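Just the heavy atoms: all of them, side chains too, but no hydrogens, waters or symmetry mates, feed the values below. For clarity, every value in this text was computed on a predicted model and none was experimentally measured.
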Amino acid sequence: MAKQLQAIRGMNDILPAESALWQGLESTVREVLAAYGYHEIRLPLLEKTELFARSIGEVTDIVEKEMYTFADRNGESLTLRPEGTAGCVRACIEHGLLHNQTQRLWYAGPMFRYEKPQKGRYRQFHQVGAEAYGMNGPDIDAELICLSARLWQRLGLREVTLQLNSLGSSAARASYRERLVTYLNLRHDELDEDSRRRLHTNPLRILDSKNPALRAVIAEAPSLLDHLDPESRAHFEELKILLDDAGIAYEINPRLVRGLDYYCKTVFEWVTDTLGAQGTICAGGRYDGLIEELGGQAVPGVGFAMGLERLVAMLAAAGYAGTDPTPQVYLIAVGDAAQRCGLALAERLRDQLPVLRLRMHCGGGGFKAQFRRADHSGAQFALILGEDEAKTGTVSVKPLREAQSEQQVLTQDQVPTYLRAALEETP
Ligand code: HAM
């Protein structure tokens, strides 16, 4: 036998049995985004490496060690997108979408990070992201948070908490950074290797360390929230009021710093205890300087992205069924003449009942074998075409899910009306 090939580690197939749940999630997400007036933007999976280095930051985990980067045939360095914000900003600048106008956009699709695969953390994973441009005030931050909260509510996800922080302006963050480095240097002996390295590259990320040995050092560190510039402080206070008015509960987490460098002011994460270590289902914040840094005008931006694998895991645990792909009707056709008119009948029914889920038996076989397939398919009704029906232009109909069901003969023209009424009655 030929050698079997396997998928790449951390890159998962989403099998038919799981896709109902994915589709249900995706259609609810789409509905909620449309309800808030967001438009879809579709972006390439590949971008120039420089885009991510310049936006996410040279000394972040993502850029330093997690990107799938390779040389194109012409030698240019390309990267499979590890996230969507950078590409979205690039596209908006390139197509002039930010000139004197606001934008509310969303995107969905696979992202790629060379991380150590574990439950909830994959090398190819899927995000839906929302980004809003051209709005300075905290109202749009609040809107994005309300949108995500509404999504959890629509999906029936209750065990989620909103964590909120402000990173302040880049100037305020720079002066806080100095203060933090001074403090951490005083406690240098207590730092782990990773933190010692970060002390010189990205000291704020030390606050995000999951190493229990650093808990005390982090807890006693100066708080970024105590060093906010007045504008960022006012923005944060207003945001809290807006969220209070909207009835959205939050926890202030002064240690929430995020792993990407482009943020300023508001940052937030929706977290759950139900997924183990990878409990962040959605994360984002404001990135007012990024558009200008990538060559656009000085336009503010704010957004979030949610991890679909993590949401699917929560939904599966909650017994969420998603979009039902089960056929409602199974068409049985036995004999050459019946098979020929079966295909035509199936097409006519699909013309007349566009949302009907009808599966036609293909591949031949006798009544017994075809009925077995019909039963297995989960369909409510079997439409049966044998030699007699084919000759007389009739169809037999049999409900499949009733203990004592009568088979009845209809003319082919009567079938749509029969099915319309019968399917309305079945739950
Ligand atoms: P992020 O925090 O890197 O932010 O990712 C957002 C979400 O994607 C995470 O909260 C998580 O649910 C999911 N995620 C990230 N990495 C993985 C992985 N390896 N496996 C499974 N799920 C994962 C961003 O990507 C920003 N672009 C968000 C944003 C948009 N900020 C402003 N606008």
ask   = Just checking, any donor-acceptor pair under 3.5 angstrom between side chains of Thr85 and Glu131?
value = yes
task = Consider only side-chain N and O atoms of Asn165 and Asn253, and report whether a donor and an acceptor are under 3.5 Å apart.
result = no
ask   = So which heavy atom on Ser55 is nearest to which on Leu290, and how close?
value = CB-CD1, 3.4 Å
query = Checking Glu309 side chain against His126 main chain: does a donor-acceptor pair fall under 3.5 Å?
reply = yes
message = Closer than 4.0 angstrom, basic N to acidic O: yes or no for Arg54 and Glu293?
response = no
ask   = Looking only at atom types and distance, does a side-chain atom of Arg173 sit under 3.5 Å from a main-chain N or O of Lys265, one as donor and one as acceptor?
value = no
message = Is it the case that the ring center of Phe381 lies less than 6.0 angstrom away from the ring center of Tyr330?
response = no
inquiry  = Is any side-chain heavy atom of Leu349 closer than 4.5 Å to one of Leu383?
reply    = yes
key: Under 3.5 Å: donor-acceptor pair, side chain of Gln370, backbone of Ala333   = yes
Ion pair check, Glu83 and Arg113, cut-off under 4.0 Å = no
query = Under the 3.5 angstrom rule, does the side chain of His227 hit a backbone N or O of Ser223 as a donor-acceptor pair?
reply = yes
Basic-acidic side-chain contact under 4.0 Å: Arg196, Glu193 = no
inquiry  = Do Thr266 and Asp141 pair up side chain to side chain, a donor and an acceptor below 3.5 Å, judged on atom types alone?
reply    = yes
ask   = Are any side-chain N or O atoms of Thr49 and backbone N or O atoms of Leu78, one a donor and one an acceptor, separated by less than 3.5 Å?
value = yes
Validation row: Asp13, Glu18 side chains within 4.5 angstrom (heavy atoms) = no
request  = Indicate whether any N or O donor in one side chain lies under 3.5 Å from an N or O acceptor in the other, for Asn185 and Thr182.
outcome  = no
ask   = Is Glu406 salt-bridged to Lys398, going by a charged N under 4.0 Å from an acidic O?
value = no
message = Are Leu311 and Trp152 packed together at the side-chain level, in the sense that at least one heavy-atom pair is separated by less than 4.5 angstrom?
response = yes
request  = Please step through side chain to side chain contact (heavy atoms under 4.5 Å, CB included) for the pair Thr28 and Tyr320, ending with a clear verdict.
outcome  = CA-CA 12 Å; Thr28 305; Tyr320 176 86; 3.8 Å; yes
inquiry  = Salt bridge or not between Glu115 and Arg123? Use side-chain N to carboxylate O under 4.0 Å.
reply    = no
inquiry  = I'd like to know if Glu64 and Arg197 make a salt bridge, using a cut-off of under 4.0 Å between side-chain N and carboxylate O.
reply    = yes
query = Hey, are Tyr183 and Arg187 close enough side-chain-wise for a donor-acceptor pair under 3.5 Å?
reply = yes
task = Could you tell me whether Arg30 and Glu40 make a salt bridge, using a distance below 4.0 angstrom between a side-chain N and a carboxylate O?
result = no
key: Presence of salt bridge, Arg198 and Asp194, under 4.0 angstrom   = yes
key: Residues Asp351, Arg348: salt bridge by 4.0 Å N-O rule   = no
ask   = Within the side chain of Thr272, is there an N or O that forms a donor-acceptor pair under 3.5 Å with the backbone of Glu159?
value = yes
ask   = Under the 3.5 angstrom rule, does the side chain of Arg255 hit a backbone N or O of Ala219 as a donor-acceptor pair?
value = yes
query = Between Ser232 and Ser166, is any side-chain donor less than 3.5 angstrom from a side-chain acceptor?
reply = no
